Amino acid sequence: MLQLHVLRQDTAGVKARLSKKHFADLDLVDAIIALDDERKKLQLSFDNNQSVVNSTSKEIGALMAKGQKEEAETKKGEVAALKATLQPITERLAIVEKQLHDELVKLPNLPAEGVPMGKTPEDNMVVREGGTKPALHEGALPHWDLIKKYDIIDFELGAKITGSGFPLYKGQGAKLQRALVQYFLDFNTAAGYTEFLPPFMVNEASAYGTGQLPDKEGQMYHMPADGFYMIPTSEVPVTNIFRDDIVKETSLPIKMTAYSPCFRREAGSFGKDVRGLNRVHQFEKVEIVQLTHPDKSYEAHTEMVLHIEKLLQSLELPYRVLALCGGDMSFTSALTYDFEVYSAAQERWLEVSSVSNFEAYQTNRMKIRFKDEKGKTQLVHSLNGSSLALPRIVASLLENNQTPEGINIPKVLQPYFGAAVIG
RNA sequence: GGUGAGGUGGAUGAGUGGCUGAAAUCAGUAGUUUGCUAAACUGCCGUACGGGUUAAACUGUACCGCGGGUUCGAAUCCCGCCCUCACCGCCA
């Protein structure tokens, strides 16, 4: 969530940036500031009253010790009267604090300087493209046919076992998953990211910390008996490692990577976009996360974008980098670059990575802080990016690398996969 | 799942109703001393929200797993929950 002092210091600027994100309820900003004013007033009057209660209680203790019962009883009466006046203040304060918080989390993160204007995916800006689109042979197939031809992924069986959107990987299909995960993790750890294998379910506090709750509740699978959520990305458990911590400034940046399956309900997604591997309920993903000094987060973002780009280049896939426009960025993000790979048979660009800088939006919720050289506590910045989401990489690999003889495996993957061709 | 023990500041750990926002030790940090390193000595050293100040100083309140309760007063007593550890049971 946004920091209150930002709203106070530059109310007009905040509103302008919220509009860039196509957030309509600008009056909410004023309402929040008004709530905070009330909160301060209540807090002050509570503190002053409580202060008297505390000191009087001490006097009572001293009187009792001296055996001056009568005087003590008089003081008790005073305290009781004070506490009676205190009660409505306390109650109101609790209401105002809750309200203030509930309203504050409704504000999305503010878009950064260079974020393009716009509302829909069409307004996203292509930053650059790389790789070359392949020329497919006569009779080339989309991946949903290729997986049947080579019997490597079975959607029907997955649906039988669980439901639609839960693919069953078989034989070389399963091994390809394992090879990709391992390759991605090795690529990330070689660049200084520490590997984690996190829990695949999280509690409410963690889901809240990264911003999945309260607004994206419907996107996650929920286990009501235990109050847990299946993770939609390992960003959630990994970023929460440092929840409520004050880290050493010298430990920044903290660079983490993790593999996990990801579970997404994708409620309300229908149509041609969802065919085959394009959109599924469970998929494999390797994620990178950084916690940085607030002055260094944009530098880190650039570094992460280049890192993902190198990874895609090593897979020899045609890709492009998009700067998301204000309206298409996620609620919590200040700057997002998406990576898309071209899937030649279906002639579509598929999103395989999203690299975002959340600035202090997530860390303000999670209270991840550091002490600067003046000893002042500050929030760190958090960033993350997929490196990478497997299904669409697989779709694109299958489609782009198909030949009449089989599917060619990129050189870098061959040691992991143990073969050069799926045939 | 059963039984028992326990959750206190970065760590260890004292503290069973007021003198405890919290001993002590370690770690950290600033300084003194010292050829260097090491050691010794001295000061500082939790978080949040306020008041106050140009900035400090100073100052109020809350917080000892979480939430309630008792009391003039709670880390300390009571209730509920969560978590950790040990043993037993079950099990990959």
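What's counted below: heavy atoms across the whole structure, side chains too, no hydrogens, waters or symmetry copies. In this text the structure is predicted, and so the values were computed from the model without any measurement. Numbers restart at 1 for each chain; the letters A, B, ... are given by sequence-line order, proteins then strands.
Taking the side chain of A:Gln50 as heavy atoms from C-beta on, and the options B:C72, B:C49, B:U61, the nearest nucleotide is B:U61.
With values rounded to the nearest 0.5 angstrom, A:Phe184 atom CZ is found 10.5 Å from A:Ser386 atom OG.
Atom pair A:Glu91:CD and B:G68:P shows a separation of 13 Å (rounding to whole Å applied). One can place CG of A:Asp37 at 16 Å from P of B:C49, the figure rounded to the nearest angstrom. Spacing between atom CG of A:Asp36 and atom C1' of B:A48 amounts to 14 Å, rounded to whole angstrom units.
Within 4.0 Å of A:Thr56, counting heavy atoms only, lies no atom of the nucleic acid at all. Contact annotation for A:Lys40: backbone-only contact, meaning every heavy-atom pair under 4.0 Å involves sugar-phosphate atoms and none involves a base.
No cation-pi contact links A:Arg178 to A:Tyr416, judged by a cut-off of 6.0 Å to the six-membered ring centre and 45° from its axis.
Between B:G73 and A:Asn54, no contact under 4.0 Å exists linking OP1 or OP2 to a side-chain N or O.
Between A:Ser354 and the options A:Thr336, A:Asp338, A:Thr233, a side-chain hydrogen bond (donor to acceptor under 3.5 Å, both in side chains) holds for only A:Asp338.
The aromatic rings of A:His301 and A:Tyr337 lie perpendicular to each other, with more than 60° between the two planes, well past the 30° mark.
Remark on RNA chain B: of its neighbouring residues A:Asp47 and A:Lys248, the 5'-side contact belongs to A:Lys248, judged by nearest-heavy-atom nucleotide. Residue A:Ile246 is the one, among A:Ile246 and A:Lys83, whose nearest nucleotide of RNA chain B lies closer to the 5' end (criterion: closest heavy atom).
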